[in-house]
Protein chains: 4
Amino acid sequence: MTQRKIAGVLGATGSVGQRFILLLSNHPTFELKVLGASSRSAGKKYVDATNWKQTDLMPVSAENIIVSECSAEAFKDCDIVFSGLDADYAGPIEKEFREAGLAVVSNAKNYRREPEVPLVVPIVNPEHLEIVETAVSKAKAEGKAKPGFIVCISNCSTAGLVAPLKPLVDKFGPIDMLTTTTLQAISGAGFSPGVPGIDILDNVIPYIGGEEDKMEWETKKILGPLAEDKSHVQLLTPDEIKVSAQCNRVAVSDGHTECISLRFKNRPAPSVEDVKQTLRDYVCDAYKLGCHSAPKQTIHVLDQNDRPQPRLDRNRDAGYGVSVGRIREDPVLDFKMVVLSHNTIIGAAGSGVLIAEILAAKNII
Amino acid sequence: MTQRKIAGVLGATGSVGQRFILLLSNHPTFELKVLGASSRSAGKKYVDATNWKQTDLMPVSAENIIVSECSAEAFKDCDIVFSGLDADYAGPIEKEFREAGLAVVSNAKNYRREPEVPLVVPIVNPEHLEIVETAVSKAKAEGKAKPGFIVCISNCSTAGLVAPLKPLVDKFGPIDMLTTTTLQAISGAGFSPGVPGIDILDNVIPYIGGEEDKMEWETKKILGPLAEDKSHVQLLTPDEIKVSAQCNRVAVSDGHTECISLRFKNRPAPSVEDVKQTLRDYVCDAYKLGCHSAPKQTIHVLDQNDRPQPRLDRNRDAGYGVSVGRIREDPVLDFKMVVLSHNTIIGAAGSGVLIAEILAAKNII
Amino acid sequence: MTQRKIAGVLGATGSVGQRFILLLSNHPTFELKVLGASSRSAGKKYVDATNWKQTDLMPVSAENIIVSECSAEAFKDCDIVFSGLDADYAGPIEKEFREAGLAVVSNAKNYRREPEVPLVVPIVNPEHLEIVETAVSKAKAEGKAKPGFIVCISNCSTAGLVAPLKPLVDKFGPIDMLTTTTLQAISGAGFSPGVPGIDILDNVIPYIGGEEDKMEWETKKILGPLAEDKSHVQLLTPDEIKVSAQCNRVAVSDGHTECISLRFKNRPAPSVEDVKQTLRDYVCDAYKLGCHSAPKQTIHVLDQNDRPQPRLDRNRDAGYGVSVGRIREDPVLDFKMVVLSHNTIIGAAGSGVLIAEILAAKNII
Amino acid sequence: MTQRKIAGVLGATGSVGQRFILLLSNHPTFELKVLGASSRSAGKKYVDATNWKQTDLMPVSAENIIVSECSAEAFKDCDIVFSGLDADYAGPIEKEFREAGLAVVSNAKNYRREPEVPLVVPIVNPEHLEIVETAVSKAKAEGKAKPGFIVCISNCSTAGLVAPLKPLVDKFGPIDMLTTTTLQAISGAGFSPGVPGIDILDNVIPYIGGEEDKMEWETKKILGPLAEDKSHVQLLTPDEIKVSAQCNRVAVSDGHTECISLRFKNRPAPSVEDVKQTLRDYVCDAYKLGCHSAPKQTIHVLDQNDRPQPRLDRNRDAGYGVSVGRIREDPVLDFKMVVLSHNTIIGAAGSGVLIAEILAAKNII
């Protein structure tokens with residue numbers, strides 16, 4: 001095994017941080033060395049600082065790491081830093097890290113809307129990483145130090161939405177209108193306290209603060225083109241695509257279900273069979289690059305009429321695969337279908353790890 | 001108290017039948033006298049024949065009624081018969097009852113698509129009952145015996161959908177396009193066995209057999225006009241309204257949540273505030289007629305952004321009121337909103353009882 | 001209607017406070033006038049200060065009450081004060097109220113272990129209220145001002161446990177050994193945040209902080225005798241009764257299920273039928289006194305082998321009745337059985353209201 | 001890899017059968033070749049005959065196996081047959097297989113109470129397999145054909161109960177009294193239909209038909225000694241051990257939680273620390289034999305006071321390890337503790353596979 005790259009995790013004691021640690025355990029490309037958390041935890045062993053709440057046990061290799069402060073100094077040897085920080089803290093910390101020349105892959109929302117920050121679902125738009133690739137190459141050519149950068153992971157529900165859109169747009173041209181109604185798992189809300197039990201038992205909460213706006217906006221960035229000079233992403237305009245999201249929280253632990261409808265710009269629309277075949281045939285670039293976590297089957301097209309279901313399908317391809325079922329004609333737009341994605345894997349920490357694998361495969365880090 | 005009308009219940013031991021019995025207990029207009037079930041139950045006391053599964057106790061008045069066969073003969077003294085029969089049995093039995101001159105209000109789907117059978121959500125389209133009113137009046141004028149008839153209760157998820165549509169169409173004109181994604185409770189599936197626990201715990205089932213077609217079709221009948229001679233209802237055409245439904249089962253006991261979007265035909269569309277006010281101002285005819293079960297507030301417009309919720313809002317106006325929240329502009333159609341209705345009250349047995357109250361108030365029975 | 005007594009609620013915006021307000025709405029004996037909460041809420045209308053989370057709507061009569069500080073001065077006109085305060089705050093406030101001559105019925109645990117403070121489950125040991133009755137009578141006889149006092153409501157799971165024990169001890173003599181394993185609802189944990197959804201979905205939490213100790217200790221006080229001078233309660237000793245509790249949290253909204261086993265001191269033990277009949281025949285004193293909320297049937301003995309169940313049985317007698325099922329011989333102790341009680345009614349606020357009704361019926365307030 | 005033994009599964013399309021198939025996929029010792037089911041399924045490909053409901057995908061190797069009838073003829077080449085048949089069918093079929101000289105490991109209850117049939121929890125009492133070992137050796141010595149036999153897997157909740165008892169009895173001597181209250185997962189009830197969703201959502205069902213009797217009886221067989229001639233197991237008498245079980249179904253998918261209390265016969269009782277250490281030190285024979293599925297850590301003693309929890313701990317050692325927490329003194333008996341076991345792994349199919357691995361390791365098959 002070649003020398004593994006050194007990895008750190010910011011917000012290591014939180015829900016997303018714990019997931020990063022699990023996914024980085026025994027990873028062929030990355031070696032987890034630095035764990036950062038709040039001052040309250042810094043100085044303690046990770047095992048003592050953490051209320052571990054994952055269904056998999058804490059990796060033994062993480063137990064005895066002494067938790068650091070979230071300072072660039074503490075992470076200075078890291079080839080890659082994964083940030084699971086809350087948005088309340090992520091802003092200045094991630095900025096400090098970038099300025100210190102570190103490579104940050106962040107699950108926080110703070111920098112998602114900066115045009116020069118790639119917002120990446122690794123099975124969908126890895127080409128947006130050319131922004132940082134270009135910057136790194138340029139510095140290299142100029143004999144400068146490697147520049148720091150931030151790559152943002154998308155919102156969890158956006159990841160599931162755009163996964164089937166990408167191959168469809170590639171094949172059938174732009175989407176004119178898109179609606180999605182989500183039935184989202186509670187794990188995405190973290191656990192301090194996350195969604196109260198009394199609110200979700202025998203109940204639906206038809207609102208997730210900020211979520212609908214995130215889905216509508218992020219879709220336009222993720223599906224948007226790179227600027228010619230590869231310095232930033234161009235947002236799709238409302239003329240180019242109309243997106244409407246309705247977000248609900250349901251009593252599911254992991255796995256976001258989305259009922260989507262869409263209309264292509266081009267007429268006539270493709271057939272249902274064309275749509276299915278296109279999704280089945282799609283192979284994401286990360287898989288072609290040989291990335292360790294890349295799903296063998298990016299999109300699982302399910303033919304049983306009662307699938308996908310979160311409990312049965314969320315773990316396909318270890319949570320990196322997205323399942324799509326019930327693809328059928330829609331009396332209002334062109335097609336409707338049900339999409340299921342694992343919100344903490346392809347919708348959060350898992351995407352972060354796969355992004356880093358792509359960065360490593362392309363020698364950007 | 002004036003003489004109460006004699007009522008019977010078909011399918012009395014089943015889920016819907018039990019609900020009818022609860023709702024008819026101590027009813028000011030109806031006196032429950034006849035309970036019909038399968039041969040296996042016939043001849044037994046109701047309390048012995050029934051696996052009672054309601055959260056309210058079995059009415060003492062029902063306990064000792066001897067269960068009858070589902071024959072018109074056994075129900076011949078009934079002014080009104082409520083049918084909670086499974087679709088597998090309802091066809092010939094309800095037909096026999098109608099031919100025997102009985103008035104049947106049925107929760108079964110079998111006759112919903114007959115043009116001369118009113119398909120009624122009592123807080124929405126009681127005017128469709130004019131079909132039977134006309135027939136009864138005509139027979140009376142001709143000195144003939146009162147004719148039997150069937151009135152159908154709509155599908156549970158259709159009831160919630162059309163409730164807010166009616167006042168909107170009355171005020172702002174026809175709806176051009178309509179989409180709904182439902183999050184449906186499991187009580188609607190009955191309990192023999194209904195939805196298996198292992199299928200719904202920590203899960204969503206993105207499919208309910210026949211449900212989407214029912215919603216799309218029934219909406220066009222319920223919102224359709226009466227023929228001029230009041231002999232039947234005219235279905236809206238696809239040119240008049242496009243309807244698309246996506247139906248999901250979630251881990252909720254009672255209360256269907258629906259995320260709907262709609263576009264009016266007329267331009268410009270009304271404002272959000274106009275829509276809200278129109279819904280708030282709506283008073284259903286059943287309430288004006290003084291019907292016992294009619295909701296005082298037909299549509300509850302909720303302003304908190306995380307409402308309506310099934311656990312908190314399903315029992316408004318004893319389950320006869322419908323709650324609507326999150327009314328906002330939709331980037332794709334005109335408006336989106338969340339509708340919550342109690343699937344076993346306004347979506348099933350409760351609607352049946354309220355229909356019968358309207359029939360009584362109008363002297364049709 | 002005679003003049004109603006003036007009531008106040010401490011901790012009015014919290015989970016228990018909201019329950020008190022619901023139960024006191026349109027109450028024949030009490031008129032709710034004063035609502036106390038933290039400084040953050042004081043001065044606001046109740047409707048504006050409160051995140052209402054009950055399945056029943058907020059009583060209109062409470063909406064416009066201006067929230068007070070929790071000072072004795074603000075409650076000085078109250079005949080009775082119900083405290084739903086958190087234990088973190090209840091100590092000094094309830095003490096101040098008692099010293100100011102106010103009658104307090106408290107759901108907090110702070111004073112439960114003071115020997116002169118009655119710890120009362122109103123369907124079980126109202127005779128312990130003689131402590132305050134005696135004190136009040138004495139002050140009256142001596143021409144002194146009415147003394148303030150505190151009466152404590154028991155822990156929620158203790159209430160269900162002792163309900164069937166009382167009639168059994170009255171009839172068959174003391175209990176030697178008693179074990180209980182609880183399956184407790186989440187509503188008892190309040191909602192800020194209470195039990196996190198991710199912790200309880202598809203899960204059991206086999207621990208509730210302090211709960212087992214409370215059950216084991218409180219049982220000994222509630223079943224203990226009054227001192228001869230009626231100044232305090234004498235705790236049962238470990239020689240008199242051994243109690244062991246194991247407490248679990250399960251995914252139930254309301255209703256604590258307890259699997260109990262017990263052994264009587266006297267030999268031979270009674271028969272199962274004797275036990276059932278004794279429970280069926282029990283009529284609590286509160287009912288004999290004509291208290292408004294007292295259950296008509298104190299203990300519901302259920303014969304179906306799969307009952308009681310929280311969803312189906314928690315609301316018997318409006319949550320003031322306790323259900324007992326599966327009474328059978330135990331190979332280890334004498335009997336085992338399943339007890340179900342509504343944790344927020346007979347296990348918390350409801351008990352408080354019924355205690356106050358007893359106090360009023362006995363002219364203690 | 002040495003030649004693998006040929007395995008068959010009876011009841012292959014059912015819940016337990018599906019589990020067997022998953023566990024036998026890519027198994028180093030067994031090669032799955034024969035799948036038996038009802039006549040309705042026989043002749044079809046397994047993938048077409050089965051409503052697959054596992055969270056893991058159907059093994060590709062099973063998909064195309066043509067389903068057989070459940071006849072000994074069809075399984076005649078099998079070295080080992082796993083039976084996941086319903087008790088309604090298992091009786092005559094398993095008898096036919098035994099008479100035909102086949103080795104059957106059965107999850108059905110039909111033969112558990114035959115003294116000469118070993119009832120085995122493989123991490124607890126593999127020594128009971130000496131009954132069949134002896135019979136096989138004897139036949140071999142006599143030059144006779146290998147005799148058929150049945151080994152029974154215990155009831156799911158019994159498996160969790162006896163797991164910690166075995167090392168304790170080995171170290172501290174016999175148990176005098178034992179009580180258990182279970183909180184059982186719904187997967188154990190199968191899925192046709194299993195536990196209805198409406199019965200378990202926001203609910204507890206305090207009854208599982210036959211379960212308490214099974215637990216009380218099976219414990220006495222599993223902990224009982226072999227007869228001197230190794231021809232059968234001697235049941236413990238009520239004088240030797242008193243066992244009392246109370247069984248509940250809760251809203252958990254997988255993982256049975258049991259709150260147990262026990263009293264040793266010997267005085268003084270050991271200390272809590274002694275009990276913990278004894279459980280920690282226990283290594284089951286299957287592990288010493290090098291069996292593929294044997295848990296590395298048989299009993300996980302958890303020190304956090306809110307563990308074990310089904311969602312977090314059920315998968316320890318791939319579901320073959322049992323977790324024990326909250327070990328503490330009991331005011332009534334000696335100790336109380338919480339035991340968690342995976343009901344479909346160590347409590348059903350998994351135990352069957354591990355039993356077969358032991359049989360293979362000992363050259364009994």
Side-chain angles (χ1 to χ4, degrees), chain C residues 176-183 185-186 198-209 212 216 238 241-261 263 304-312 314 325-326 328-333 336-340, chain D residues 176-183 185-186 198-209 212 216 238 241-261 263 304-312 314 325-326 328-333 336-340:
Chain C
D176 184 32
M177 290 173 174
L178 172 65
T179 67
T180 179
T181 297
T182 68
L183 297 84
I186 57 177
I198 197 69
D199 283 357
I200 204 63
L201 178 66
D202 189 14
N203 207 14
V204 165
I205 308 173
Y207 178 73
I208 304 174
E212 296 174 353
E216 295 176 359
I241 187 170
K242 287 178 178 48
V243 186
S244 177
Q246 303 203 53
C247 294
N248 302 281
R249 193 76 75 182
V250 295
V252 166
S253 62
D254 289 312
H256 287 355
T257 302
E258 306 188 29
C259 294
I260 77 175
S261 299
R263 189 184 198 280
Q304 279 176 269
N305 59 16
D306 63 350
R307 302 289 279 268
Q309 293 179 17
R311 209 174 67 88
L312 299 179
R314 61 191 166 205
R326 308 206 64 222
R328 59 212 193 282
E329 291 190 358
D330 179 17
V332 171
L333 304 183
K336 44 187 176 181
M337 62 190 77
V338 179
V339 180
L340 177 79
Chain D
D176 184 32
M177 291 173 173
L178 172 65
T179 66
T180 179
T181 297
T182 68
L183 296 85
I186 57 178
I198 197 69
D199 282 356
I200 202 65
L201 177 65
D202 190 12
N203 207 16
V204 165
I205 308 173
Y207 178 72
I208 302 174
E212 296 174 354
E216 296 175 359
I241 188 169
K242 287 178 178 52
V243 187
S244 177
Q246 303 202 53
C247 294
N248 301 282
R249 193 74 76 184
V250 295
V252 167
S253 62
D254 289 312
H256 287 355
T257 303
E258 306 189 29
C259 295
I260 77 174
S261 298
R263 189 183 196 287
Q304 279 177 271
N305 60 15
D306 62 350
R307 302 289 280 267
Q309 293 180 17
R311 210 174 66 87
L312 300 180
R314 61 191 166 205
R326 305 204 69 221
R328 58 212 194 281
E329 292 190 357
D330 179 17
V332 170
L333 304 182
K336 43 187 175 181
M337 63 191 76
V338 179
V339 181
L340 177 79

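Naming: A, B, ... by sequence-line order, numbering from 1 per chain.
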Sort Val332(D) into side chain, backbone, both or neither according to what part of it lies under 4.5 angstrom from a heavy atom of chain C. both

Measure distances from Ile260(D) to the heavy atoms of chain C and classify the residue's part below 4.5 Å as side chain, backbone, both or neither. backbone

Measure the OG1-CG distance between Thr257(D) and Asn203(C) for me, rounded to the nearest 0.5 Å. 7.5 Å

Sub-4.5 Å side-chain heavy-atom contact between Thr179(D) and Ser261(C): no

The reported gap from OG1 in Thr180(C) to CD in Gln246(D) (rounded to nearest 0.5 angstrom) is 8.5 Å

Specify the closest pair of heavy atoms between Pro206(D) and Pro308(C), including all atoms of both residues, with the distance to one decimal. CG-O, 3.1 Å

Can you find a pair of side-chain heavy atoms, one from Arg249(D) and one from Gln309(C), that are under 4.5 Å apart? no

Under a 4.5 Å heavy-atom cut-off, does chain C meet the side chain of Asp176(D), its backbone, both or neither? neither

dist Glu212(C):CD -> Arg326(D):CZ (nearest 0.5 Å) comes out at 4.0 Å

Using the test side chain to side chain donor-acceptor pair (under 3.5 Å), find all partners of Asp202(C) that sit at least two apart in sequence or belong to another chain. Ser253(D), Arg314(D)

Side-chain heavy-atom pair Ile198(C), Arg311(D) within 4.5 angstrom cut-off: yes

As an exercise: rank Leu183(D), Leu178(D), Ile205(D) by heavy-atom pairs under 4.5 Å with chain C and give me the winner. Leu183(D)

dist Thr181(C):OG1 -> Asn248(D):CG (nearest 0.5 Å) comes out at 9.0 Å

Which portion of Leu201(D) sits near chain C, non-hydrogen atoms under 4.5 angstrom: backbone

